[in-house]
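Here is the structure we will look at.
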Amino acid sequence: MKHIVAALALAVAAPALAQPARVEVVANLTGAMPTGVTIAPSGRIFLNYPQWGDHPPFAVGELRGGKVIAYPDAATNDPQGDPAHHFLSVQSVVADGVNRLWVLDTAAPGFAAPTVGGPKLVAIDLATDKIVRTIVLGPEVVLPTTYLNDVRFDLRQGEAGVAYITDSSVKGPGGLIVVDLASGKALRRLSGHASTMPDPGFTPRIEGAVLMNRPAGAAPSPWLVATDGIAISPDGETLYYCALSSRHFYAVPTALLRDPATNDATIAAAIRDLGPKAPSDGLAEDDRGVIYAGDYEQGTIRSFADGVWKTIARDPRILWPDTLSVGTDGYLYFTANQLYRQPGFHQGKDLRRPPYQLLRVKIGADPVLLK
């Protein structure tokens with residue numbers, strides 16, 4: 001694998017502080033803890049709630065008038081029934097450039113093995129609020145240990161476009177999944193490759209303490225999560241990704257990922273290591289080619305351009321920046337959900353203090369909408 005470290009290290013250990021952006025509160029979120037957020041080109045805001053123990057009344061919701069309501073309806077959010085047609089445990093929602101909301105359903109409540117027939121991509125037409133496409137992902141790409149995390153789209157490829165998905169497994173190999181949206185056929189890429197796996201010996205420190213699995217009545221263990229954040233370049237030629245338990249992120253040509261005739265060895269040889277960086281959860285991208293990431297150790301938002309990381313926002317309310325989404329209004333939106341304060345990290349004690357928050361900072365750029 002080709003490693004390009006260049007002069008990045010000088011910017012990550014002590015990242016430059018750009019003119020700090022003012023952090024604005026979009027919404028205070030009561031009830032269950034959200035993970036994902038997406039801002040549709042029209043300005044509509046959608047959030048999602050995985051089944052991690054908070055028993056959310058719905059998996060996908062739309063923020064309307066300061067409140068989040070089930071979307072597209074309560075019936076679809078009822079996990080009972082055919083797993084292909086109901087949301088079971090949604091980890092990500094992403095709006096595309098042709099007025100659709102895509103829902104990525106892990107079908108893996110509590111990080112259990114995915115329910116057979118449940119892992120899927122679901123497209124909802126935002127003009128009618130009706131489901132128009134469901135792609136169930138089979139066992140050739142969704143392993144018993146898979147946890148589907150986040151997704152990016154390039155609708156210019158093939159007949160109907162392609163989706164790139166991260167597998168952020170906590171029990172098995174990480175990897176990338178590439179889905180042809182016309183046929184539904186999928187490829188699993190870089191499964192268990194070093195770039196999709198946690199860094200060896202990774203020990204994040206938040207609020208003065210090392211973050212580890214600390215369940216009640218059990219010994220602590222390292223918290224190791226595979227491929228999580230994902231972003232795509234404005235020309236669609238490069239996919240960026242990182243493991244959640246990592247201080248690196250990587251770039252790979254999308255053409256190689258899409259080509260079924262290309263094997264993993266060839267893909268691995270084309271990977272660029274863009275690390276080091278602060279550990280982050282989600283990634284986002286804008287139309288200028290700038291990549292954004294949260295720093296969950298320091299509670300900041302950072303940007304990456306021309307080989308340099310800069311801290312663009314610092315605020316005590318940035319308590320675990322999870323998913324990031326660029327809106328057409330020139331703002332970067334992100335959830336702050338206090339993920340690290342969950343009971344599983346604190347001997348069964350829930351240290352979260354709701355409300356959780358949807359925040360934003362002005363970046364003066366547009367989203368990448370490949371259509």
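Quick caveat: nothing in here was measured; it's all calculated off a predicted structure.
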Report the distance from atom [atom1] of [X] to atom [atom2] of [Y], rounding to the nearest 0.5 Å.
X: Arg360; Y: Arg22; atom1: CZ; atom2: CZ; answer: 8.5 Å
X: Ile291; Y: Ser233; atom1: CD1; atom2: OG; answer: 8.0 Å
X: Gln357; Y: Asn28; atom1: CD; atom2: CG; answer: 5.0 Å

Self-check item: Glu207/Arg341 ion pair, N-O < 4.0 Å
Solution: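 Arg341 and Glu207: salt-bridged.
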### Query
Are Glu62 and Lys67 within salt-bridge range, i.e. N to O under 4.0 Å?
no
Go through the side-chain N and O atoms of [X] and [Y] and say whether any donor and acceptor fall under 3.5 Å apart.
X: Ser246; Y: His248; answer: no
X: Thr335; Y: Asn337; answer: no
X: Ser42; Y: Asn99; answer: no
X: Tyr49; Y: Thr35; answer: no
X: Arg302; Y: Thr311; answer: yes
X: Asn149; Y: Ser168; answer: yes
X: Asp167; Y: Thr146; answer: yes

* Are Tyr147 and Phe111 close enough that their ring centers fall under 6.0 Å? ->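 For Tyr147 and Phe111, the ring centres are under 6.0 Å apart.
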| task | Show your reasoning for whether side-chain contact (heavy atoms from CB on, under 4.5 Å) applies to Phe249 and Phe304. | result | CA-CA 11 Å; Phe249 84 124; Phe304 180 80; 3.7 Å; yes
- Walk me through it: do Asp73 and Lys130 pass the test salt bridge (charged side-chain N to carboxylate O under 4.0 Å, His left out)? CA-CA 9 Å; Asp73 50 52; Lys130 301 295 183 183; 5.7 Å; no
Q) Pro83 and Val116: which non-hydrogen atoms are nearest, and at how many Å? A)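 Where Pro83 meets Val116 most closely, the heavy atoms are CG-O, 3.6 Å.
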Note to self: Would you call the rings of Trp320 and Tyr296 parallel, tilted or perpendicular, taking 30° and 60° as the class edges?
What the structure shows: parallel
TODO: Evaluate side chain to side chain donor-acceptor pair (under 3.5 Å) for Arg152 paired with Tyr164, printing each intermediate quantity in order.
DONE: CA-CA 5 Å; Arg152 291 295 182 269; Tyr164 305 96; over 6 Å; no
Please step through side chain to side chain donor-acceptor pair (under 3.5 Å) for the pair Asp154 and Gln157, ending with a clear verdict. CA-CA 6 Å; Asp154 185 348; Gln157 304 299 327; 3.2 Å; yes
**Study point:** Within 6.0 angstrom of Arg353 CZ, more than 12 heavy atoms from elsewhere
**Key:**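 No, because the 6.0 Å sphere around CZ of Arg353 holds 12 heavy atoms or fewer from other groups.
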